[in-house]
Trainee: 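The structure is given below, and queries will be raised subsequently.
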Amino acid sequence: MDLKFLVVDDSVTMRRIVVNSLKNLGYNDYVEAGDGEEAFAKLQEDSSINFVITDWNMPNMSGLELSKKIRSTPEFENLPIMMVTTRGVKEDIVDALKAKVNNYVVKPFTPQILKQKIDQILNNL
Amino acid sequence: MKQPTNFSEVFEKITDLKELFQFGEKIIPIFQSLIEFMKDIVPLMENINKSIAESTNKMPSATNQINNVTSATEMATTEILDRVDSISTALMNIDNDLTEILKRRAGKKDILEKLKAEIDFNDEQLELLGQLYDQDEIDTFLNSIKEKLSLLNDESYQITLALQVQDITSQQLAAVNHLIESVNDKLASLVDDIHNAQLDEKDVDKIEVPDSATFDPNARYDKDTSRQNDADDIFNNQQKDESKDIASQDEIDKLFSGE
């Protein structure tokens with residue numbers, strides 16, 4: 001399966017780190033967005049995007065809101081979503097799960113964790 | 001007014017009045033002390049009021065300073081990432097060059113073998129040709145360089161990963177800024193009515209982070225994997241619980257039909 005990632009984070013630094021990590025794992029096809037609104041617009045523009053990696057805390061539209069919006073859009077309801085965030089408390093994880101994200105990574109992440117979570121999502125598709 | 005019916009009642013009233021005057025004599029010094037205390041406390045309250053006003057004025061500059069720190073670290077991090085990317089690209093180019101050299105050398109070895117098969121070289125010539133294309137030693141050396149390049153590439157990637165600290169600290173600083181701004185608002189409201197209000201420590205504890213905040217007040221740079229393990233446990237267990245909570249259509253139908 002050819003993967004095209006949408007990397008969503010308001011931090012330019014984090015986007016670059018996630019993108020570099022994806023490249024290290026052999027995934028070179030990606031687009032970036034600085035918040036949930038921009039991400040959703042990119043999803044609508046580019047139908048080849050088939051994997052979303054999103055931060056939680058962002059301006060305009062958070063990663064949680066983005067996940068809910070994606071899931072409530074029939075066109076994207078099965079799109080894999082992975083949350084990569086500093087938020088590690090139980091309530092947040094439960095909220096993310098309720099928003100139907102496919103997996104959850106706590107920052108700072110390691111490349112092993114990132115690969116493991118991507119693989120888990122792909123194996124469950 | 002009701003008139004006393006006899007002298008004994010009059011005396012009772014006089015006794016009550018006497019006790020009242022005696023109580024008044026005792027209470028008046030307390031009132032005097034209270035007034036003295038108020039005289040002393042007013043300048044103190046004015047000083048507190050002034051200090052709060054000064055502190056309140058300084059807070060915006062504190063938040064600006066914090067924002068400057070965030071911007072500076074973001075710029076520095078971007079520069080480091082640029083450099084690391086340049087190093088990684090250079091390492092990759094060197095690796096590609098080495099791969100090409102190894103490939104060409106393998107091609108030359110094939111040519112040498114063909115020459116040996118077609119031309120009848122004497123021993124001395126064969127030895128010279130062998131020295132000219134001493135494949136094994138040089139190839140081992142080149143492969144060793146490739147391994148070292150790979151290690152350097154891993155190290156530069158580790159630098160990239162470590163720079164996640166910038167995002168985490170910027171969220172921590174944003175949380176501090178939010179706290180300062182909230183305290184500032186509370187102090188500003190106290191400046192006007194300092195005599196009637198008190199800064200309750202609990203009020204500061206109550207400062208809440210809005211849902212729309214673009215930072216996580218609990219963000220921390222922690223390489224310990226326990227947080228990820230905890231997150232996995234919660235995520236996986238909750239997933240199981242969620243699936244338990246999903247009622248089947250039969251169950252829903254029974255509920256709605258009142259069975």
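The sequence lines fix the lettering, A, B, ..., with proteins before strands; numbering per chain opens at 1. All of these numbers come straight from a predicted model, not from anything done at the bench.
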Trainee: Using a 3.5 Å distance criterion without hydrogens, assess whether the side chain of B:Gln164 forms a donor-acceptor pair with backbone atoms of A:Pro108.
Mentor: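 Looks like no, no N/O pair under 3.5 Å.
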Trainee: Would you check if A:Phe109 and B:Leu161 make a side-chain contact, meaning some heavy-atom pair closer than 4.5 Å?
Mentor: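 A side-chain contact under 4.5 Å exists here.
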Trainee: Just to be sure I understand the criterion: a residue of residues 66-81 of chain B counts if one of its heavy atoms is under 4.5 Å from a heavy atom of chain A. Which ones qualify?
Mentor: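 Answer by number: B:Glu74, B:Thr77, B:Thr78, B:Leu81.
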Trainee: Non-hydrogen contacts under 4.5 angstrom with chain B: give the residues of residues 19-30 of chain A involved, or none if there are none.
Mentor: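 Within residues 19-30 of chain A, the residues under 4.5 Å from chain B are A:Asn20, A:Ser21, A:Asn24.
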Trainee: Calculate, to the nearest 0.5 Å, the distance between atoms CD and OG1 belonging to B:Gln158 and A:Thr110 respectively.
Mentor: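 One gets 9.0 Å once the value is rounded to the nearest 0.5 Å.
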Trainee: Between atom CG of B:Asp230 and atom CD1 of A:Ile93, what is the distance when rounded to the nearest 0.5 Å?
Mentor: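 It comes to 7.5 Å.
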Trainee: Atom OG1 of A:Thr13 and atom CG of B:Asp167: how far apart are they, to the nearest 0.5 Å?
Mentor: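 Nearest 0.5 Å value for the OG1-CG distance: 7.0 Å.
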Trainee: Just wondering, more than 12 heavy atoms not from A:Lys4 lying within 6.0 Å of its NZ?
Mentor: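 Yes, enclosed.
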Trainee: Give, as side chain, backbone, both or neither, the part of A:Val105 having an atom under 4.5 angstrom from any heavy atom of chain B.
Mentor: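 Both the backbone and the side chain of A:Val105 come within 4.5 Å of chain B.
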Trainee: Is there side-chain contact between B:Gln228 and A:Lys117, with at least one heavy-atom pair below 4.5 Å?
Mentor: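 SC-SC contact between B:Gln228 and A:Lys117 confirmed.
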Trainee: Let me know if B:Asp232 has heavy atoms under 4.5 Å from chain A in its side chain, its backbone, both or neither.
Mentor: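 Only the side chain of B:Asp232 comes within 4.5 Å of chain A.
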Trainee: Take atom CD in A:Glu75; do more than 12 heavy atoms of anything else shown fall under 6.0 Å from it?
Mentor: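 Counting neighbours around CD of A:Glu75, 12 or fewer heavy atoms of other residues, nucleotides or ligands fall under 6.0 Å, so no.
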Trainee: Are the side chains of A:Val101 and B:Phe235 in contact, using a 4.5 Å heavy-atom criterion?
Mentor: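 With C-beta onward as the side chain, the pair touches.
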Trainee: Checking A:Phe40 now: which residues fulfil ring-ring contact (aromatic ring centres under 6.0 Å, His included) with it, not counting sequence neighbours?
Mentor: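 Once residues adjacent in sequence are excluded, the partners of A:Phe40 under the ring-ring contact (aromatic ring centres under 6.0 Å, His included) criterion are A:Phe76.
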Trainee: I'd like to know which of A:Met61, A:Lys107, A:Met58 tops the heavy-atom pair count under 4.5 Å against chain B.
Mentor: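 Greatest number of close heavy-atom pairs with chain B: A:Lys107.
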Trainee: For A:Lys115, does the NZ atom sit with more than 12 other heavy atoms under 6.0 Å from it, leaving out its own atoms?
Mentor: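 No, not enclosed.
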Trainee: Looking at A:Ile17, A:Asn57, A:Asp92, which has the largest count of heavy-atom pairs under 4.5 Å with chain B?
Mentor: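 So the answer, after comparing A:Ile17, A:Asn57, A:Asp92, is A:Asn57.
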Trainee: What parts of residues 82-95 of chain B touch chain A if we use heavy atoms and a cut-off under 4.5 Å?
Mentor: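 Checking residues 82-95 of chain B against chain A gives B:Asp82, B:Asp85.
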Trainee: Can you measure from OG (A:Ser11) to CD (B:Gln171) and round to the nearest 0.5 angstrom?
Mentor: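 Going from OG on A:Ser11 over to CD on B:Gln171, the span is 8.0 Å.
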Trainee: Atom NZ of residue position B:Lys146 - does it have more than 12 heavy atoms of other residues, nucleotides or ligands inside 6.0 Å?
Mentor: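 Yes, NZ of B:Lys146 has more than 12 neighbouring heavy atoms, counting only those of other groups under 6.0 Å.
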